**Student:** 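So that we are looking at the same thing, I have put the structure below in structure tokens.
Computed from a prediction, not measured in an experiment: that's the story for all the values here. Order of appearance sets the numbers: ligands from 1, and atoms from 1 within every ligand. Each residue takes its place number in the sequence, starting with 1.
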Amino acid sequence: MVNFESWNPTRVVFGADQLHRLPELLNELKVKRILIAYGGGSVERIGLLSKIKNVLSSFSTIDFGGIEPNPQYSTLMKAVELARNSDVDFILAVGGGSVIDGVKFISGAIPYPGEPWDVLSKKDGAVFEKAIPFGTILTIPATGSEVNSGAVISRSEMNEKRTMGGPLFFPKFSFCDPTVVATLPKRQLANGIIDACVHTLEQYLTTMYDNWLQEREAEAVLATLIDVKGILDNPSDYKLAYNFMLCASHALNGNLRCGAVTDWATHMIGHELTVLYNIDHARTLAIIAPRLYEVQFEHKKDKLVQYGKRIFGLTGTDTEIAQNAIRLTEEFFQSLGVETHLREYEADTTRLIQHVKTKFTERGWTELGENGTIQWPQVETILNNCI
Ligand code: NZQ
Ligand code: ZN
């Protein structure tokens, strides 16, 4: 049994046709001048940006578009400069995990007196001590960034993808409207299901931590994600979209980690595949997770058995159930059209092992996983097996 503390102050406005409530929430926060931040153009194409601007006609706003998937430090610093020169007192993120994460960084960097990269690289314990408040309008269910205080920021020229977060970085509010799912391409729908699935597995597929309620909640998210798979062919199905969006938020709003033993090594290794080969975040997880479960088989076996029985209805010996649970997880990812081997994305993997070794050594990541048993030899095996 694990002690825990839980706190999540983000106000979630969930459901269709709620955008008219945006001015009310902003007025409660006494907002005056808003930076509207978005990505590479989808919010314009789907007509969401113009809807938001109509609703915000009584507010002073400025725009910052062009935040790319895996948001880049250099792009975000341009937004920081714009906001500093424009007296912005609130930021509205309109987008997916990349825009929302980017806004979390921007909100901390605006009032930061030093070099913001120091915070991401954790140089001399640098931290953001203040942040400009922000809210989100979610356009893609996947990361859960709309309901958590974490962010992942990339800096391609340094081959880096770094995390940041803390209590300052919870959105003040998030509008989660499942109708946005209708506009998503299959690739992003599949990515979203897999990211939410692996977020749940990172907090569940560890040891038997005897928090029965939390385990059942994780299983509910996993089973529901399997149920919503039909969204790939019916993105306009509101029932599927509603449940999909709810799952993605629940997977990483902090609830599942309460009283749980968590892993997160799949994410830590996966981020390096994005850095090296620009593979979508969720797809890196589909590549790493099955191989990591195989390498950690003995440590995760009891939980794999519970997962196999409860999610896939498996029977047989414990070893058979645990092995089949890994196989069926991988097959589920593949059934979404997502390849689970690195060679299917990238022919030249010669830099892989040395790159990951260098980065993990620099960061002192010597003992990963729920019990510190993912050390360099295990990481190397996972990487070799994932090719
Ligand atoms: O840039 P635009 O034109 O907006 O297009 C985006 C982007 O190309 C498009 N898109 C978004 N909403 C759309 C849409 N296209 C059509 N209709 C819509 N309604 O989708 C593409 C991907 O968007 P992105 O925001 O990158 O996707 P996702 O939400 O998967 O975010 C991935 C990022 O989040 C980080 C990842 O590392 C990655 O950088 N993560 C953040 C986490 C967190 N903060 O808690 C946890 C995750 O594990 C993850 O690491
Ligand atoms: Zn993720």
**Student:** Run down the list Leu189, Asn70, Thr183 and name the one with the heavy atom closest to atom 17 (N) of ligand 1.
**Tutor:**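 Looking at heavy atoms only, Thr183 sits closest to atom 17 (N) of ligand 1.
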
**Student:** Please collect all salt bridge (charged side-chain N to carboxylate O under 4.0 Å, His left out) contacts where either partner lies in residues 150-176, sequence neighbours excluded, each pair once.
**Tutor:**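 Qualifying pairs, neighbours excluded: Arg155-Glu157, Glu160-Arg162, Glu160-Lys359, Glu160-Arg363.
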
**Student:** Whether Lys53 and Asp63 form a salt bridge (side-chain N of Lys/Arg under 4.0 Å from carboxylate O of Asp/Glu) is what I want to check.
**Tutor:**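 Here Asp63 pairs with Lys53 in a salt bridge, since their nearest N and O are under 4.0 Å apart.
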
**Student:** Looking at Arg21 and Glu24, is there a salt bridge between them, counting it only when a charged N and a carboxylate O are closer than 4.0 Å?
**Tutor:**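 Here Glu24 pairs with Arg21 in a salt bridge, since their nearest N and O are under 4.0 Å apart.
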
**Student:** Any Lys/Arg nitrogen of Glu215 or Lys303 sitting under 4.0 Å from an Asp/Glu carboxylate oxygen of the other?
**Tutor:**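 The answer is yes: the pair qualifies as a salt bridge.
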
**Student:** Counting only heavy atoms, tell me which of Gly97, Ser149, Gly41, Ser42 gets closest to atom 10 (N) of ligand 1.
**Tutor:**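 The residue whose heavy atom sits nearest atom 10 (N) of ligand 1 is Ser42.
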
**Student:** Closer than 2.8 Å to the Zn ion (ligand 2): how many protein N, O or S atoms are there?
**Tutor:**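 Every protein N, O or S atom under 2.8 Å from the Zn ion (ligand 2) counted, the figure is 4.
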
**Student:** Identify each donor-acceptor pair in which a side-chain atom of residues 259-266 lies under 3.5 Å from a protein atom, sequence neighbours left out, and give them as a table.
**Tutor:**
residue	atom	partner	partner atom	Å
Asp263	OD1	Ala265	N	2.9
Asp263	OD2	Lys300	NZ	2.7

**Student:** Show me the pairs that pass ring pair (Phe, Tyr, Trp, His ring centres under 6.0 Å) and involve residues 38-82, at least two apart or across chains.
**Tutor:**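 Listed once each, the pairs are Tyr73-Phe105, Tyr73-Trp117.
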
**Student:** Can you check whether Phe14 and Phe173 have ring centres sitting under 6.0 Å from each other?
**Tutor:**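 Distance test on ring centres: not under 6.0 Å, no.
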
**Student:** Of the listed options (Ile140, Thr143, Leu138), which comes nearest to atom 42 (C) of ligand 1 when hydrogens are ignored and any heavy atom counts?
**Tutor:**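 The residue whose heavy atom sits nearest atom 42 (C) of ligand 1 is Thr143.
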
**Student:** Considering Gly40, Ser98, Gly39 one by one, which has a heavy atom nearer to atom 24 (P) of ligand 1 than any of the others?
**Tutor:**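 Selected option, by shortest heavy-atom distance: Ser98.
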
**Student:** With a 4.0 Å heavy-atom cut-off (strictly under), which part of Asn148 contacts ligand 1: side chain, backbone, both or neither?
**Tutor:**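 Looking at Asn148 and ligand 1, just side chain atoms fall under 4.0 Å.
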
**Student:** Of the side chain and backbone of His199, name the one, both, or neither that has a heavy atom under 4.0 Å from an atom of ligand 1.
**Tutor:**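 It is the side chain that gets close, since no backbone atom is under 4.0 Å.
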
**Student:** Return yes if a side-chain donor-acceptor contact under 3.5 Å exists between His299 and Glu370, otherwise no.
**Tutor:**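 Not at all, the side chains of His299 and Glu370 share no donor-acceptor pair under 3.5 Å.
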
**Student:** Ignoring hydrogens, just give me the one of Lys104, Gln188, Gln72, Glu146 whose non-hydrogen atom is nearest atom 22 (C) of ligand 1.
**Tutor:**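 Shortest heavy-atom distance from atom 22 (C) of ligand 1: Gln188.
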
